[in-house]
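In what follows, chains carry the letters A, B, and so on, assigned in the order in which the sequence lines appear, proteins first and then strands, with residues in each chain numbered from 1.
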There are 2 protein chains.
Amino acid sequence: MTENTPKGRPFDTDLTKRVLAAVRSQLEDYGFVNLSIEKIASEVGCGKTAIYRRWPTKPELVAAAILDTSEIGDLPDTGDVVDDLVEHAWQNLENFRRSEDETGNNGLLLAMFNMDVIPIISESFMQARHAMGREIIARGVKRGQVSSDLDHDLIIDTLAGLTLFRTTLKPDTRVRTDDEIKATYRSLVRSLIGDPR
Amino acid sequence: MTENTPKGRPFDTDLTKRVLAAVRSQLEDYGFVNLSIEKIASEVGCGKTAIYRRWPTKPELVAAAILDTSEIGDLPDTGDVVDDLVEHAWQNLENFRRSEDETGNNGLLLAMFNMDVIPIISESFMQARHAMGREIIARGVKRGQVSSDLDHDLIIDTLAGLTLFRTTLKPDTRVRTDDEIKATYRSLVRSLIGDPR
DNA sequence: ACAATAACGAAACGATACGTTGTGTTGCAC
DNA sequence: GTGCAACACAACGTATCGTTTCGTTATTGT
């Protein structure tokens, strides 16, 4: 029996959820630097030890809070590679926007850009998202919608990069509707795969 | 006479340079969070007051250190819009790479992604870079190399986004030569402006 | 030469936060 | 009931921010 029956009092899963939610809320308002674990504990109504028992350091706590609301999403498979790539890009945007406040600021997303947080997110999330992009394009190639000569990684990274850039460094004053954004993705995808329209 | 002749002992400009260089070095190794102004002072051999007299807070100090090595660059003007956009993208990459260490990590660039740093960099640098991109494309339109129907902002942001994404979130294991990277930019630019080759 | 001004190094300060440790209590499995 | 581990609470050592004070030094104007 290599079974691992847990001994002793189990974790309070509801407390876990409340902590992660409180972390997200504070990241949004104050950012990584000014996030205080002591404030989280008092807000949630628990001891600091309950937090440190789960996540040994602040970066790991923050990474957990980010991953907790990041959805890998389902692999789009409409039969059309353009639709699939647009949907894929849209999923990225939704993940970023989930943590956006009313003014367009995104403290949670910014918290990801930390030497100790990036490796965790990258390993458990970004790589999986990238693999989904590759799969979408591979199916497009099989259907003859995409040339295999194209640089597939470039297509995926370009789409992700645009979303990242516009969400972080360019707090654009322009208000765009969801339809406008989707149309932009669609036109970009068509350019990238050389679709003649 | 509204002349402002400075009174008293002037700033030591050499000290200013040494502080900013030390800040960059520490950001590279430890990141924003673990950068210590006290360590900077002792390393440079000055008092903390000399630093706080110049930059009132840590984010402003960090922003100054980043801007100090960021070059706006000259507006490319080769007569060919593709060459100009490739050069523009290359300048972005060079700005990012200037602070890369031997392992490809980039603590200085990551330090930019901070609620209190981004606005400073964005206002005094990103907007100017974006304007240069617009000018390049405007000249291309005038020469008849680019259709005015295209979304010019999209072209600029897509190029910048790719560089940002690959420099931060995707610590790519693949080693690419400068020539490969330039060829990638070239092919992407051609896709974006609909250049038939 | 001398006065006014402000940067300089050094040191101490209060406040805040990380992460650890110890105490006694509570919940769950055997 | 016994063992185990999570729980709240409190105290602790260390580190850092940003401020303040002090005596000193460099520069300008009279």
Side-chain angles (χ1 to χ4, degrees), chain A residues 1-23 25-27 29-65 107 111 114-117 120, chain B residues 1-23 25-27 29-65 107 111 114-117 120:
Chain A
M1 296 287 159
T2 50
E3 289 270 350
N4 252 0
T5 321
K7 302 260 175 187
R9 182 174 175 176
F11 278 113
D12 181 341
T13 57
D14 184 64
L15 176 59
T16 304
K17 284 182 197 167
R18 272 155 46 220
V19 169
L20 292 177
V23 168
S25 166
Q26 281 218 10
L27 280 181
D29 296 340
Y30 306 121
F32 185 98
V33 177
N34 295 98
L35 166 74
S36 159
I37 295 179
E38 260 141 10
K39 250 182 277 174
I40 297 289
S42 84
E43 190 176 309
V44 170
C46 69
K48 259 200 300 183
T49 38
I51 298 178
Y52 280 103
R53 204 173 290 120
R54 290 166 168 80
W55 307 279
T57 64
K58 188 170 160 176
E60 291 180 76
L61 168 61
V62 167
N114 174 293
M115 297 178 109
D116 301 310
V117 176
I120 305 175
Chain B
M1 296 293 153
T2 50
E3 290 272 348
N4 251 1
T5 320
K7 300 264 177 186
R9 182 173 175 175
F11 278 112
D12 180 343
T13 57
D14 183 66
L15 177 59
T16 304
K17 284 181 200 169
R18 272 155 46 219
V19 168
L20 292 177
V23 168
S25 166
Q26 282 218 8
L27 281 180
D29 297 339
Y30 306 120
F32 185 99
V33 177
N34 296 97
L35 167 74
S36 159
I37 295 181
E38 261 143 11
K39 252 182 277 175
I40 296 289
S42 83
E43 189 176 309
V44 171
C46 69
K48 259 199 302 183
T49 37
I51 298 177
Y52 280 103
R53 204 173 289 120
R54 290 166 168 81
W55 308 280
T57 64
K58 187 170 160 176
E60 291 181 79
L61 168 60
V62 167
N114 175 293
M115 297 178 110
D116 301 311
V117 176
I120 304 175

More than 12 heavy atoms from other groups under 6.0 Å of NZ on B:K39: yes
Span of DNA chain D, from the first to the last nucleotide whose atoms fall under 4.0 Å of chain B heavy atoms: D:dT16 to D:dG29
Point-to-point distance, once rounded to the nearest 0.5 Å, from CG of A:N34 to CG of A:D29: 11.0 Å
B:N114 CG to B:F32 CZ distance, which is reported to the nearest 0.5 Å: 4.0 Å
d(CG, B:N34; P, C:dC18) in whole Å: 12 Å
Inter-residue atom distance A:K58.NZ - A:I37.CD1, 0.5 Å rounding: 6.5 Å
Angle between terminal axes - the helix from C:dA1-D:dT30 to C:dC30-D:dG1, 5 pairs each end, rounded to 10°: 20°
Most 5' of B:T57 and A:I51 on DNA chain D, judged by nearest nucleotide: A:I51
Heavy-atom pair of closest approach, residues A:P59 and A:V117: O-CG2, 3.8 Å
Sugar-phosphate only, base, or nothing, as touched by B:L35 at under 4.0 Å among non-hydrogen atoms: sugar-phosphate
N/O (side chain, A:K48) to phosphate O (OP1/OP2, C:dT20) under 4.0 Å: no
d(NZ, B:K58; P, C:dA17) in whole Å: 14 Å
Side-chain N or O of B:R53 closer than 4.0 Å to phosphate OP1/OP2 of C:dC8: yes
Selected nucleotide, minimal atom distance to A:S36 side chain, candidates C:dC18, C:dG9, C:dA6: C:dC18
Short side-chain to backbone donor-acceptor contact, A:K48 and A:I40, under 3.5 Å: no
Sugar-phosphate only, base, or nothing, as touched by B:Y52 at under 4.0 Å among non-hydrogen atoms: base
B:D12 vs B:G8, nearer the 5' end of DNA chain C by closest nucleotide: B:G8
Spatial distance of atom OH (B:Y52) from atom CD (B:E60) [nearest 0.5 Å]: 11.5 Å
Distance in angstrom units between B:E38 CD and C:dA10 P, rounded: 13 Å
Side-chain heavy atoms of A:I120 within contact of A:V62, under 4.5 Å: no
B:Y30 OH - C:dC18 P separation (whole Å): 21 Å
N/O (side chain, A:K7) to phosphate O (OP1/OP2, C:dA29) under 4.0 Å: no
A:A65 to A:V23 - nearest heavy-atom pair and separation: CB-CG1, 3.5 Å
Earlier contact from the 5' end, DNA chain C, for A:R9 and A:I37: A:I37
A:K39 NZ - C:dA15 P separation (whole Å): 16 Å
